[in-house]
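Below, read A as the first sequence line, B as the second, and so on, with proteins coming before strands; counting in each chain starts at 1.
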Amino acid sequence: MHTGVKNTIDRMLDGLNEPQRAAVTHTEGPLLILAGPGSGKTRVVTHRAAHLALTTVEPWRILAITFTNKATREMRERVDALGVASGMTVSTFHAFCARTLRIFANRAGLQRNFTILDRDDRRKMLKKAITDAGLSGHWTPAGAERIISDAKNEMISAEAYDRNASEWRELQFVKIYKQYEVLLQQTASLDFDDLLMKVALLLEKDTALRNELEDQYAYVLIDEYQDTNAPQYKIAELLTRDHGNLCATGDPDQSIYGWRGANIENILRFEDDHPAATVVRLEQNYRSTQHILTAADALIAGNINRKEKTLWTENDDGSRVRIVEHELADDEANALAREIRAQITGGFDASDIAILYRINSLSRVIEEALLREGVRYQIARGVEFYNRKEIKDVLAYLRVLVNPVDEIALLRIINTPARGIGSTTIQRLVDAARQANVSILELLQGNSDLTPLGRSAGKVKIFAELLTSLQAALELPPPEALAYVINHSGLRAMYAHEGEIDNEPIGNLDELVSAASAFAQERPDASLVDWLEHAALVSDVDCVVAEGGLVTLMTLHAAKGLEFETVYIIGLEDGLLPFRRADDVEADDEEERRLCFVGMTRAKRRLTLSRARYRMLRGITERTVRSPFLDELPDSAVECAARTPKRTPRKSKTPDGRLPDDIAEWTLGTLVEHPTDGLGQVMSMTRGGKRTFVEVLFKTGSRKTFALEFADLRRVDFDEVG
DNA sequence: TGCCGGCCGATTTTT
DNA sequence: TCGGCCGGCA
């Protein structure tokens with residue numbers, strides 16, 4: 001071995017603990033890395049990949065699969081930073097599958113340029129399938145979607161479903177499922193679940209291909225293995241069947257995607273599947289304080305279906321996990337916003353702060369409160385951007401250019417911008433196309449006789465010509481293609497005209513072009529198809545930026561894999577966290593507990609769990625019940641901070657404005673001044689007997705606890721702070 | 001054909 | 001609360 005390489009390896013192993021080192025230097029055979037939160041998993045995984053590339057195999061023969069694009073990017077960067085030639089395939093499961101299906105489209109029986117349907121498209125397609133099956137009114141698209149998704153995640157095809165269907169409801173469903181598949185076929189479209197299932201089925205069936213891929217990827221690494229579903233599991237197994245070099249990493253306690261078919265058993269039975277497996281347990285936590293870890297550990301201990309593990313840390317105790325109760329959800333939001341605002345004023349970096357919640361709709365009150373306090377934030381909602389009308393419009397044009405049989409996209413743009421093609425004409429076109437057994441676009445661009453369309457024929461012709469002229473975009477790199485279509489489709493004119501004062505749509509379109517440019521820079525060889533695929537597979541977390549002085553808001557699901565100095569989890573209420581639906585038969589409190597565990601273990605130094613006693617959901621304010629999870633946290637690691645008082649008329653301050661006869665005026669985040677320590681901020685309040693104690697963090701960095709009644713503390717209003 | 005207003009219905013989490 | 005859809009009107 002070169003001394004240079006040896007030095008690099010030594011440097012790489014430097015500072016790793018025993019189990020970490022074992023995982024990094026492991027080469028042959030199956031490896032299971034059970035990694036508790038904050039145990040340096042990413043570090044281990046990237047170092048192992050680099051180590052493999054240096055000692056054992058060419059980088060391009062390593063395949064690493066993650067769950068989000070963000071994780072992919074991070075992993076690539078970190079491997080690069082280790083000075084190992086890149087060339088490793090790092091990809092999300094869905095992107096890897098999409099790519100495989102395009103490369104081997106023929107063998108998979110697919111069109112190379114297939115469209116990936118998003119949720120809305122899928123629902124539209126299902127709506128049509130339901131109508132075609134003569135069952136409209138009896139089935140909702142969402143209802144059928146749920147069952148189809150579940151079926152696909154179990155790799156049950158429409159035919160297979162048919163074989164086992166007996167109840168009348170099932171027989172109805174099979175009709176829909178089959179028709180849905182026909183529509184997908186006709187429009188050369190795949191849904192998210194197809195990407196995984198088709199690859200799993202392909203590898204199962206096509207031995208030659210399986211062998212080829214297994215040969216290519218001598219080492220396969222699957223991250224977040226606890227969240228794999230049946231097709232993903234199958235793919236992992238099939239790709240490594242002969243060489244056995246499968247490295248699975250994950251933590252059963254962080255399995256939070258059961259609802260989309262993830263099977264926690266996949267990781268729990270890894271050792272049974274692979275008797276020769278090496279198992280490494282990473283249990284030392286480098287992220288959180290002792291109190292946070294103790295609390296999280298106590299919570300997760302409430303689960304029965306788990307692998308016992310011992311989390312430990314050498315970190316200091318830190319401050320206790322705060323539990324805060326408020327009267328209204330608005331109080332919760334306001335207190336939070338005030339506290340954060342004070343922290344930022346006091347010099348904290350906003351990007352170290354995250355607010356986590358169970359459901360997206362909880363973000364709204366928080367956003368409003370943050371806006372009021374002038375706190376800048378970012379919200380992990382990448383998907384939302386791509387759901388905007390103007391964005392979907394352009395993407396629909398591109399989709400039609402790339403995949404001319406993409407009917408959903410075509411119907412979206414046929415009269416956008418308005419060009420006088422109404423529903424009657426559209427219906428005639430759809431019927432005519434079906435009768436002639438061609439796609440609508442073929443009908444338009446062929447020599448078909450359009451006279452039955454009457455006056456509309458001319459307009460339809462113009463549309464067909466527009467599409468032909470837009471085909472020039474296909475020759476351009478993604479950002480230019482995008483700009484070309486925006487400008488020549490009439491969309492820019494349409495949106496520019498629409499909002500002269502508030503031209504947000506134009507801003508979004510421009511932002512989309514920027515995003516495409518960034519993408520093109522990262523992947524210079526990428527085609528328009530690649531970019532469309534990328535756009536179809538963005539996840540919420542992908543849009544979270546690392547720097548920028550912004551507080552981050554996101555769902556607990558999106559927070560997986562991230563860490564922050566300060567974490568707030570809001571809405572700890574029974575039915576919300578743990579989430580439960582009224583009609584829910586399959587509520588899984590263990591998964592909810594894991595979700596809460598994931599959230600808590602994101603925090604490095606400060607963790608606050610809060611709830612409101614009244615919360616409005618879907619327009620109705622209801623009294624809530626405290627989350628049972630709160631009662632599972634050990635007293636030793638937790639403090640119950642003062643709750644926002646009931647709404648009562650405010651008492652006036654004492655004449656000298658100093659001692660609070662009304663303790664209610666003191667809340668978390670209150671700014672204070674002390675004669676010797678200077679400016680500080682209330683970090684916690686504890687009510688014991690007759691006294692109220694406040695913990696104050698001073699600007700100097702020192703931290704002191706005072707009995708409020710005796711302390712020489714003066715309340716400072718925000719306006720007083722320069 | 002296109003726009004507007006009202007009503008109904010849904011609603012976890014995400015690739 | 002909000003957004004999608006439908007029906008009526010210009």
When rounded to the nearest 0.5 Å, the distance separating CZ of A/Phe173 from CD1 of A/Ile130 is 10.0 Å
Heavy-atom nearest pair, A/Ala71 first then A/Thr66, reads CB-CB, 3.8 Å
Residue pair A/Phe67/A/Arg618 against DNA chain B: nearer the 5' end by closest nucleotide is A/Arg618
Same-atom distance (P) from C/dG4 to B/dT13, integer angstrom
16 Å
Are A/Thr68 and B/dT14 close enough that a side-chain N or O sits under 4.0 Å from OP1 or OP2?
no
Whole angstrom value for the distance that separates P of B/dT14 from CZ of A/Phe385
18 Å
Are more than 12 heavy atoms, taken from residues, nucleotides or ligands other than A/Glu622, located less than 6.0 Å from that residue's CD atom?
no
A/Met616 side chain: which of B/dT11, C/dT1, B/dT14 is closest?
C/dT1
Parallel, tilted or perpendicular: rings of A/Tyr257 and A/Phe67 (30°, 60°)
parallel
Between A/Arg146 and A/Trp259, is NZ or CZ placed under 6.0 angstrom from the six-membered ring centre and within 45° of the ring axis?
no
Taking C-beta and beyond as the side chain, do A/Leu556 and A/Val598 meet within less than 4.5 Å on heavy atoms?
no
Among B/dT1, B/dT11, B/dT14, which is the nearest nucleotide to the side chain of A/Thr425?
B/dT1
Between A/Leu595 (CG) and B/dT14 (P), how many Å, whole number?
10 Å
Nearest to the side chain of A/Phe579 - B/dT14, B/dT12, C/dC6?
B/dT12
When you get a sec, tell me which of B/dT12, B/dT14, B/dA10 is the closest nucleotide to the side chain of A/Ile359?
B/dT12
A/Trp259-B/dT13 aromatic stacking (under 5.5 Å, under 30°)
yes
Have a look at A/Ala536 and say if it touches a base, only the backbone sugar-phosphate, or nothing, with a 4.0 Å heavy-atom cut-off.
nothing
Picking from B/dT13, B/dT11, B/dT14, which would you name as closest to the side chain of A/Arg119?
B/dT14
Would you say A/Asn360 places a side-chain N or O within less than 4.0 Å of OP1 or OP2 belonging to B/dT11?
no
For residues 222-231 of chain A, which residues have at least one heavy atom under 4.0 Å from DNA chain B?
none
So which protein N/O to nucleotides 2-7 of chain B N/O distances come out below 3.5 Å?
from: B/dG2; atom 1: OP1; to: A/Gly420; atom 2: N; distance (Å): 3.3
from: B/dG2; atom 1: OP2; to: A/Asn415; atom 2: ND2; distance (Å): 3.0

Please give, in whole Å, the distance from B/dT12 P to A/Tyr257 OH?
15 Å
Decide whether A/Ser527 and A/Asp530 meet the rule of one side-chain donor and one side-chain acceptor closer than 3.5 Å.
yes
5' precedence on DNA chain B between A/Phe192 and A/Thr140 (nearest-nucleotide basis):
A/Thr140
Are A/Arg602 and A/Lys560 side-chain neighbours, meaning at least one heavy-atom pair lies under 4.5 Å?
no
Return the value, rounded to whole Å, for the distance between atom CD1 of A/Ile569 and atom P of B/dT13.
16 Å
Could you list all N or O pairs between the protein and nucleotides 2-4 of chain C that sit under 3.5 Å apart?
from: C/dC2; atom 1: OP1; to: A/Arg364; atom 2: NH1; distance (Å): 2.2
from: C/dC2; atom 1: OP1; to: A/Arg364; atom 2: NH2; distance (Å): 2.9

If the test is side-chain contact (heavy atoms from CB on, under 4.5 Å), which one of A/Asp194, A/Thr187, A/Leu184 qualifies with A/Leu117?
A/Leu184
Other residues, nucleotides and ligands only: do more than 12 of their heavy atoms fall within 6.0 Å of NZ on A/Lys41?
yes
N or O in side chain of A/Ser361 less than 4.0 angstrom from C/dT1 OP1/OP2:
no
CG-CE distance between A/Leu201 and A/Met155, expressed to the nearest 0.5 angstrom:
5.0 Å
Pairwise distance CE(A/Met125) to OG(A/Ser189) - rounded to 0.5 angstrom:
4.5 Å
Tell me yes or no: between the side chains of A/Thr416 and A/Asp393, is some donor less than 3.5 Å from an acceptor?
no
Would you kindly give the CD-to-P distance between A/Gln254 and B/dT14, to the nearest whole Å?
16 Å
Rounded to whole Å, how long is the line connecting atom CZ of A/Arg260 with atom P of B/dT13?
13 Å
